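Worksheet: the structure to be examined is printed underneath.
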Amino acid sequence: MTDFERAVLRVLAGLAPGEVVTYGEVADQAGHPGAARAVGALLRRTTEDVPWWRVVGAGGLLRAPSARLQAELLRAEGVPVRDGRVTLGGSPPGNR
DNA sequence: CCCCTGACTAGAA
DNA sequence: TTTCTAGCCAGGG
């Protein structure tokens with residue numbers, strides 16, 4: 001178990017239902033800025049009981065291979081998903 | 001120790 | 001707008 005692993009696991013454990021974060025955010029909060037790739041690599045390796053579905057790509061894009069399942073889980077927590085993409089705190093001009 | 005792959009990100013074409 | 005390239009960290013052969 002490396003420091004990187006428990007750091008990431010701890011961040012994911014600190015997340016709440018409906019709380020969606022990007023790989024970069026997780027890596028940053030874990031104390032490993034720039035290790036976004038490592039986060040994804042770990043989530044695929046780890047068998048721990050972690051809410052991996054709350055982790056999305058930059059811009060809320062579902063980069064996970066099980067994007068379909070991830071979308072369902074996110075919706076179940078009240079997170080609106082649109083065409084494989086989660087509507088983050090996006091309030092662009094002339095939205096909707 | 002060296003090389004390749006990957007649930008990533010940001011920038012250029 | 002979409003597609004491609006370069007840089008990044010960690011793991012495996």
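The basis for the numbers below is simple: all heavy atoms, side chains too, and nothing from hydrogens, waters or symmetry mates. Quantities reported herein were computed from a predicted structural model and do not represent experimental measurements. In what follows, chains carry the letters A, B, and so on, assigned in the order in which the sequence lines appear, proteins first and then strands, with residues in each chain numbered from 1.
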How many whole angstroms separate atom [atom1] of [X] from atom [atom2] of [N]?
{"X": "A:D28", "N": "C:dC9", "atom1": "CG", "atom2": "C1'", "value": "14 Å"}
{"X": "A:R6", "N": "C:dA10", "atom1": "CZ", "atom2": "C1'", "value": "15 Å"}
{"X": "A:H32", "N": "C:dA10", "atom1": "NE2", "atom2": "P", "value": "6 Å"}
{"X": "A:L61", "N": "C:dT2", "atom1": "CG", "atom2": "C1'", "value": "13 Å"}
{"X": "A:E25", "N": "C:dC8", "atom1": "CD", "atom2": "P", "value": "20 Å"}
{"X": "A:Y23", "N": "C:dA10", "atom1": "OH", "atom2": "P", "value": "17 Å"}

Under the criterion side-chain contact (heavy atoms from CB on, under 4.5 Å), I'd like the reasoning laid out for A:E5 against A:E48: C-alpha separation, chi angles, the key distance, then a yes or no. CA-CA 10 Å; A:E5 286 184 70; A:E48 303 301 309; over 6 Å; no

Smallest separation among heavy atoms of A:A36 and A:A27, with atom names: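 Answer, listing the atom of A:A36 first, then A:A27: N-CB, 3.8 Å.
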
Could you report the tightest heavy-atom contact between A:V55 and A:T22, atom names first, then the distance?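 Smallest interatomic distance, heavy atoms only, reads CG1-C, 4.4 Å.
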
Run the numbers on A:Q70 and A:V56 for side-chain contact (heavy atoms from CB on, under 4.5 Å), then give the verdict. CA-CA 9 Å; A:Q70 185 173 24; A:V56 300; 3.8 Å; yes

Please determine whether a side-chain nitrogen or oxygen atom of A:R45 lies at a distance below 4.0 Å from atom OP1 or OP2 of C:dG12.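 Yes, because at least one side-chain N or O of A:R45 sits under 4.0 Å from OP1 or OP2 of C:dG12.
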
Are the side chains of A:L74 and A:W53 in touch, meaning some heavy atoms are under 4.5 Å apart?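 A side-chain contact exists here, since the closest heavy-atom pair is under 4.5 Å.
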
For a 4.5 angstrom cut-off between non-hydrogen side-chain atoms, does A:L43 reach A:L12?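 In short, these two side chains touch, coming nearer than 4.5 Å.
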
With a 4.0 angstrom cut-off to heavy atoms of chain A, pull out the first and last contacting nucleotide of DNA chain B, in 5'-to-3' order.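 Extent of the interface on DNA chain B: B:dG6 to B:dA10.
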
Checking all strands, does A:A35 fall into the base, sugar-phosphate, or nothing category for heavy-atom contacts under 4.0 angstrom?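 Sugar-phosphate contact only - A:A35 comes under 4.0 Å of backbone atoms but never of a base.
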
Where each residue is assigned the nucleotide of DNA chain C containing its nearest heavy atom, which of A:T2 and A:R37 is assigned the position nearer the 5′ end?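 The answer here is A:R37.
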
